[in-house]
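Some notes on the structure that comes next.
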Amino acid sequence: MCAYVADHPNIVAVDIMTPALKAIASMTGLAPSQLPGKLHVANQQYFSRIEAVEFTIAHDDGRNPHELCKADIVLLGVSRSSKTPLSIYLSQQGFKVANVPLDMHTEPPKEIYDVDPTRLFGLMTTPDVLVDIRKRRLGNACSVAGSYADPEYVYDDLERARALMRRLGCIVIHTERRAVEETAQEILAHFARNHPDVLGYR
């Protein structure tokens, strides 16, 4: 790089890495390895993580229900209960995740009853929080979207989901006013207690 710059006097080069590396080395007592690409090593953990993300995308929003039992974690909940964001976040930790939407007009796939309850997590929130989220999601279309964000409908939607979760014996996780990362950590804490052999890519 230095030789290239020396041969091209019209290029102004600013070294921003060397001072930063020296400062880190001084503070940690560690020497730089001088090996590029260490951040993105294509090892087994990397490929397991990619496989988990691909599985999760293929099983988002109730797709491929016949493979629910192949998932490490199955999430179920009503619309706007954070199923997809949680699924993607967990998959990036190396877990194969499927999520199943619940609503008033559709029966859940029969395969949900075959999933190990310790792998099954029901996402629950409060009616007022869900009404607000659905209204914001609809925006200007709220007035023509029927009962989707109506408080009474939302309450019934949640109660029906809660009843199913009780029948399935799944672990219920509340998502209201919580970051995805916080909810994910609660799910993983439950999962680790029941499945200490499945650690994801970590």
Side-chain angles (χ1 to χ4, degrees), residues 1-65 67-68 70-75 77 79-101 119 121 123 125 129 132-142 173 175-192 195-202:
M1 180 66 180
C2 292
Y4 182 85
V5 172
D7 293 338
H8 296 80
N10 59 319
I11 297 177
V12 177
V14 179
D15 183 2
I16 62 172
M17 292 301 296
T18 299
L21 288 172
K22 285 182 176 178
I24 294 171
S26 174
M27 293 298 294
T28 63
L30 301 174
S33 69
Q34 305 295 335
L35 296 174
K38 294 289 285 183
L39 183 63
H40 302 289
V41 177
N43 55 18
Q44 184 55 49
Q45 289 182 338
Y46 171 83
F47 290 112
S48 295
R49 181 180 176 184
I50 295 301
E51 183 182 357
V53 172
E54 290 176 345
F55 179 95
T56 299
I57 291 171
H59 296 80
D60 182 42
D61 202 31
R63 286 185 289 175
N64 298 307
E67 295 184 327
L68 283 177
K70 294 181 179 180
D72 296 317
I73 294 171
V74 177
L75 306 178
S79 175
R80 317 316 306 171
S81 59
S82 298
K83 295 185 300 300
T84 295
L86 271 168
S87 295
I88 296 300
Y89 181 86
L90 289 166
S91 74
Q92 291 172 344
Q93 313 308 307
F95 296 93
K96 295 178 181 178
V97 185
N99 75 69
V100 177
R119 295 177 181 270
F121 294 85
L123 305 180
T125 184
V129 168
D132 183 58
I133 292 173
R134 288 184 177 183
K135 282 183 177 179
R136 283 190 280 114
R137 174 68 174 176
L138 290 171
N140 294 333
C142 192
I173 305 291
T175 63
E176 67 267 19
R177 298 185 177 90
R178 302 176 74 185
V180 166
E181 295 85 353
E182 185 181 359
T183 306
Q185 289 310 307
E186 183 178 354
I187 290 171
L188 291 179
H190 284 286
F191 185 83
H195 302 280
D197 55 317
V198 183
L199 300 178
Y201 82 87
R202 298 167 300 171

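Predicted model, so just to flag it, every value in this text is computed and none were measured.
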Should [X] and [Y] count as side-chain neighbours, where that means a heavy-atom distance under 4.5 Å?
X      : Y      : answer
His190 : Glu186 : yes
Thr56  : Glu54  : no
Lys70  : Lys96  : no
Asn64  : His59  : yes
Asn99  : Asp60  : yes

Where the side chain of [X] meets the backbone of [Y], is there a donor-acceptor pair that is under 3.5 Å apart?
X      : Y      : value
Ser91  : Ile88  : yes
Ser26  : Lys22  : no
Arg134 : Ser79  : yes
Gln93  : Tyr89  : yes
Thr175 : Thr125 : no
Arg49  : Gly94  : no

On a heavy-atom basis, which atom in [X] and which in [Y] lie closest, and how many Å separate them?
X     : Y      : result
Leu86 : Ala184 : CD2-N, 3.7 Å
Ala25 : Pro32  : CB-CD, 4.3 Å
Phe95 : Phe191 : CE2-CE2, 3.8 Å
Lys83 : Leu75  : O-CD1, 3.7 Å

From [X] [atom1] over to [Y] [atom2], what is the distance, rounded to the nearest 0.5 angstrom?
X      : Y      : atom1 : atom2 : value
Leu138 : Ile133 : CG    : CD1   : 12.0 Å
Leu123 : Glu176 : CG    : CD    : 11.0 Å
Ile187 : Leu90  : CD1   : CG    : 5.5 Å

- Sequence-distant partners of Asp132, salt bridge (Lys or Arg N to Asp or Glu O under 4.0 Å), two or more places apart: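 Asp132 satisfies salt bridge (Lys or Arg N to Asp or Glu O under 4.0 Å) with Arg136 once adjacent residues are dropped.
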
